[in-house]
Asker: 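Handing you a structure now.
Throughout, protein chains are lettered first and strands after them, A, B, ... in sequence-line order, and every chain is numbered starting at 1.
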Protein chains: 2
Amino acid sequence: MQIITIQPEAIFQALADETRLRIIRLKVVTGDESCLCELVDSLQEPSYKLSRHLKILRQAGLLSSQKEGRWVYHRLVTTPAYLAQLYATVQALPDSKGIYRADLKRFRDRLCLREDGRCQVGIQSEAFKTEAG
Amino acid sequence: MQIITIQPEAIFQALADETRLRIIRLKVVTGDESCLCELVDSLQEPSYKLSRHLKILRQAGLLSSQKEGRWVYHRLVTTPAYLAQLYATVQALPDSKGIYRADLKRFRDRLCLREDGRCQVGIQSEAFKTEAG
DNA sequence: TGCATGATTGCACTATAGTGCAAGTGTTGT
DNA sequence: ACAACACTTGCACTATAGTGCAATCATGCA
């Protein structure tokens, strides 16, 4: 079920937070769906924090979520067309501090732990910790 | 002088407000530069309110402002390229409540009061008031 | 059935943002 | 010099957003 955004500014409000922008940008670049624990390991942020930001993104209509057993997979919503256009803009943003590059690297490493394309392991924060945080 | 935005989320923060989105959208559609009093008449909002929102947009790097006598003209900043891309997205947003259409109509009417392409008259709010507000 | 675990949420706290009023700044024209 | 006017801003107030802790929900497995 997808929640339609009524107020246009809600879309920008959803992206007006560093953590949420990291989430969206990671998904824009990879295109993959991912569960919360994979995001926790990739962004190195506590699960309750990401869970709340995911909810906000869902309510803004940018993400759709689907439960599979214990795991909840989140993916980008790409319609209406202006959302796809928005994601292209997000992808074009500068990454002066290298945050998104670091997130992406951890995410790619984390994907290696999947089996049959599904997450099996839960939070492994320590294993993916880097000096950058 | 243009202020460079350091944090990408600041751009979205700047657009995460209905009034500021109305300002940007009006400028995206028309492409014109405009002074504060023209915006006051177009958006039917008090000048102190718009003045503050214009400042925020300026600090975010979306607008540049230039003083000409008593009047201050504001125009869109279109570089770097992702800003132009962002404006295209803004233009593609739905206008379910007809707000932007009404703003645009008042703005076009207001432009008729210019002489030699420059504003001459100051705030005329009452003259542009519509039943919609 | 009970436990481990992925995910969510209630609560309290803090910081920030938006607003209206009123005062102030700077420029034009008389 | 003075008044008018376009525009800005200090102040107080209110509402909202983000965060951490801890409790809770929900599912799979022994």
Side-chain angles (χ1 to χ4, degrees), chain A residues 7 9-23 33-60 63-74 110 113-115 118-126 133, chain B residues 7 9-23 33-60 63-74 110 113-115 118-126 133:
Chain A
Q7 294 169 320
E9 62 267 23
I11 297 172
F12 296 112
Q13 179 63 49
L15 296 174
D17 176 273
E18 181 178 6
T19 305
R20 293 197 292 269
L21 199 52
R22 287 171 72 191
I23 294 172
E33 62 184 2
S34 52
C35 59
L36 178 62
C37 59
E38 290 173 334
L39 288 175
V40 169
D41 289 345
S42 303
L43 273 60
Q44 296 280 302
E45 297 282 352
S47 60
Y48 60 80
K49 181 176 175 180
L50 293 184
S51 179
R52 264 194 270 249
H53 283 303
L54 288 169
K55 184 178 182 180
I56 293 171
L57 290 169
R58 215 181 307 131
Q59 290 174 335
L63 289 183
S64 69
S65 302
Q66 184 182 351
K67 190 162 190 170
E68 284 187 24
R70 295 197 240 204
W71 288 272
V72 178
Y73 287 90
H74 307 272
R110 183 58 163 76
L113 300 185
R114 283 194 188 177
E115 295 175 19
R118 297 283 105 178
C119 180
Q120 305 288 341
V121 297
I123 296 172
Q124 311 283 326
S125 298
E126 292 299 325
Chain B
Q7 294 170 321
E9 62 268 22
I11 297 173
F12 297 111
Q13 178 64 48
L15 296 175
D17 176 274
E18 182 177 6
T19 305
R20 292 197 292 269
L21 199 52
R22 288 170 72 191
I23 295 172
E33 62 184 3
S34 52
C35 60
L36 178 61
C37 59
E38 290 174 333
L39 289 174
V40 168
D41 289 346
S42 303
L43 273 60
Q44 295 280 303
E45 297 283 351
S47 59
Y48 61 79
K49 182 177 174 180
L50 294 184
S51 179
R52 263 195 270 251
H53 283 303
L54 288 169
K55 183 179 182 180
I56 292 171
L57 290 169
R58 215 180 308 130
Q59 290 174 335
L63 288 183
S64 69
S65 302
Q66 184 182 350
K67 189 162 190 170
E68 285 187 24
R70 294 197 242 205
W71 287 272
V72 178
Y73 286 91
H74 307 272
R110 183 58 163 76
L113 299 187
R114 283 194 188 178
E115 295 175 19
R118 297 283 105 178
C119 179
Q120 304 289 339
V121 297
I123 296 172
Q124 310 283 325
S125 298
E126 292 299 324

Asker: Where the side chain of B:R110 meets the backbone of B:L39, is there a donor-acceptor pair that is under 3.5 Å apart?
Answerer: no
Asker: OP1 or OP2 of C:dT19 less than 4.0 angstrom from a side-chain nitrogen or oxygen of B:Y48, does that happen here?
Answerer: no
Asker: Ignoring hydrogens and geometry, is there a side-chain-to-backbone donor-acceptor pair from B:Y73 to B:C119 under 3.5 Å?
Answerer: yes
Asker: Once you apply a heavy-atom cut-off of 4.0 Å, does B:V121 come out as touching a base, just sugar-phosphate, or nothing?
Answerer: sugar-phosphate
Asker: Round to a whole Å and report the spacing from CD of A:E38 to C1' of C:dT5.
Answerer: 15 Å
Asker: Measure from CZ on A:R110 to C1' on C:dG6 and round the result to the nearest Å.
Answerer: 11 Å
Asker: In terms of the nearest nucleotide of DNA chain D, which residue is placed more toward the 5' end: A:E68 or A:A16?
Answerer: A:A16
Asker: How long is the line joining CD of B:E45 and C1' of C:dG18, in whole Å?
Answerer: 12 Å
Asker: To the nearest Å, how far apart are B:E9 CD and D:dG18 P?
Answerer: 11 Å
Asker: Starting at NZ of A:K49 and ending at P of C:dT8, how long is that distance when rounded to a whole Å?
Answerer: 16 Å
Asker: Is it the case that the base of C:dG20 and the side chain of B:R52 share a donor-acceptor contact (distance under 3.5 Å, atom types as modelled)?
Answerer: yes
Asker: Which nucleotide sits closest to the side chain of A:T19: D:dT8, D:dT19, D:dG20?
Answerer: D:dT19
Asker: Counting only side-chain nitrogens and oxygens, does A:R20 get under 4.0 Å of the OP1 or OP2 atom of D:dG18?
Answerer: yes
Asker: Between B:H53 and B:E45, does the side chain to side chain contact (heavy atoms under 4.5 Å, CB included) criterion hold? Intermediate values first, please.
Answerer: CA-CA 11 Å; B:H53 283 303; B:E45 297 283 351; over 6 Å; no
Asker: In whole Å, what is the span from the CH2 atom of B:W71 to the P atom of D:dT8?
Answerer: 14 Å
Asker: Please classify the nucleic acid contact of A:C119 as base, sugar-phosphate, or nothing, using heavy-atom distances under 4.0 Å.
Answerer: nothing
Asker: Measuring to OP1 and OP2 of C:dT8, would you say a side-chain N or O of A:K55 lies under 4.0 angstrom away?
Answerer: no
Asker: Rounded to the Å, how far apart are B:R70 CZ and D:dA4 P?
Answerer: 12 Å
Asker: Measure from the side chain of B:D17, starting at C-beta and using heavy atoms only, and say which of D:dC7, C:dG18, C:dT8 lies closest.
Answerer: C:dG18
Asker: Could you tell me whether the side chain of B:E38 and the main chain of B:C35 form a donor-acceptor pair under 3.5 Å?
Answerer: yes
Asker: So which one's nearest nucleotide on DNA chain D is more toward 5', A:Q13 or A:K67?
Answerer: A:Q13
Asker: What is the distance, rounded to the nearest whole Å, between atom CG of B:L50 and atom P of D:dT9?
Answerer: 14 Å
Asker: For A:R58 and A:S65, indicate whether the former's side chain and the latter's backbone hold a donor-acceptor pair under 3.5 Å.
Answerer: no
Asker: Can you check whether B:H53 has a side-chain N or O nearer than 4.0 Å to OP1 or OP2 of C:dA17?
Answerer: no
